[in-house]
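Whatever order the structure lists them in is the order used to number ligands and atoms, beginning at 1. Numbering starts at 1 and runs along the sequence shown.
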Amino acid sequence: PRSIYLSRHGESMHNVGGMIGGDSPISPRGEKYASALPALVLENIGDAPIQVWTSTLQRTIATARHLPYPKKTWKSLDELDAGVCDGMTYEEIAEKYPEDYEARDDDKFNYRYRGGESYRDVIVRLEPVIMELERQDNILIICHQAIIRCLYGYFMGIPQAEIPYIKVPLHTLIKLSPRAYGCEEERYPLPI
Ligand code: F6P
């Protein structure tokens, strides 16, 4: 029986500073998660084959680096592009682009950052990833909050408007096992 495992990257320096987007390295705490992940995955997967997919951003590649499995990087797994707001905190966005901040609050699924993307855009660019996932055995995807929300929402049949609010904590491995009707879900938080 195959499973899809989802995890955000270990805590990044941008996470620590409350900045969105960017391509920052992982923090010491994030490194601890990266080091603890192989044992958690092994416990779950045993000797079954598994592939690891990451985005092209260094925080996902660093989080995956101790995992002894074949790896693939996908540009389509990069975090939602926040355009002109990339690298800012939510407070800075609210101050500099108050109308945008409000528009996003009103319709988070459809709101597209200036020069960037919406959740709807992300779902479109994830199509090839989802098609490939349907053909594969066990896959562990290490990527980003918005991307995991979209993948999780797709497999769990969550209504679009709710997707941008799905709770995807850091340092938690999510296991989805497709069944005849919907997916079975398990979550493994690591206390790091
Ligand atoms: O803060 C981490 C992060 O992954 C950002 O890089 C990204 O812009 C954001 O979360 C997505 O979450 P939300 O859509 O709730 O702003």
Checklist entry - Going by an N to O cut-off under 4.0 Å, is there a salt bridge joining Glu31 and Arg65? => result yes
Checklist entry - Has His14 got any heavy atom lying under 4.0 angstrom from an atom of ligand 1? => result no
Item to check | Selection from Tyr90, Tyr119, Phe109 by shortest heavy-atom distance to atom 16 (O) of ligand 1 | outcome: Tyr90
Checklist entry - Do the ring planes of Trp74 and Trp53 sit parallel (below 30°), tilted (30 to 60°) or perpendicular (above 60°)? => result tilted
Checklist entry - Which residue and non-hydrogen atom of the protein lie closest to atom 8 (O) of ligand 1, and at what distance in Å? => result Ile20 CB, 3.5 Å
Checklist entry - Above 12 or not: heavy atoms from other molecules or residues under 6.0 Å from CD of Glu102? => result no
Checklist entry - atom 15 (O) of ligand 1: which of Lys108, His144, Glu79, Gln145 has the nearest heavy atom? => result Lys108
Next on the checklist: Counting non-hydrogen protein atoms only, what is the nearest one to atom 2 (C) of ligand 1? Give residue, atom name and distance.
Outcome noted: Asn15 ND2, 3.8 Å
Next on the checklist: Please work out, at 4.0 Å between heavy atoms, whether the side chain, the backbone, both, or neither of Glu117 comes within that distance of ligand 1.
Outcome noted: neither
Checklist entry - If you measure only the distance, is there a donor-acceptor pair under 3.5 Å linking the side chains of Tyr111 and Asp100? => result yes
Checklist entry - When Thr63 is tested against each of Thr54, Val52, Leu37 for side-chain contact (heavy atoms from CB on, under 4.5 Å), which residue passes? => result Leu37
Checklist outcome for this item: closest protein heavy atom to atom 5 (C) of ligand 1 is Gly21 N, 3.6 Å
Next on the checklist: Can you confirm, on distance only, whether ligand 1 has an N/O atom lying under 3.5 Å from any N/O atom belonging to Arg104?
Outcome noted: yes
Checklist entry - Does the side chain of Thr56 come under 3.5 Å of the side chain of Asp78 through a donor N or O and an acceptor N or O? => result yes
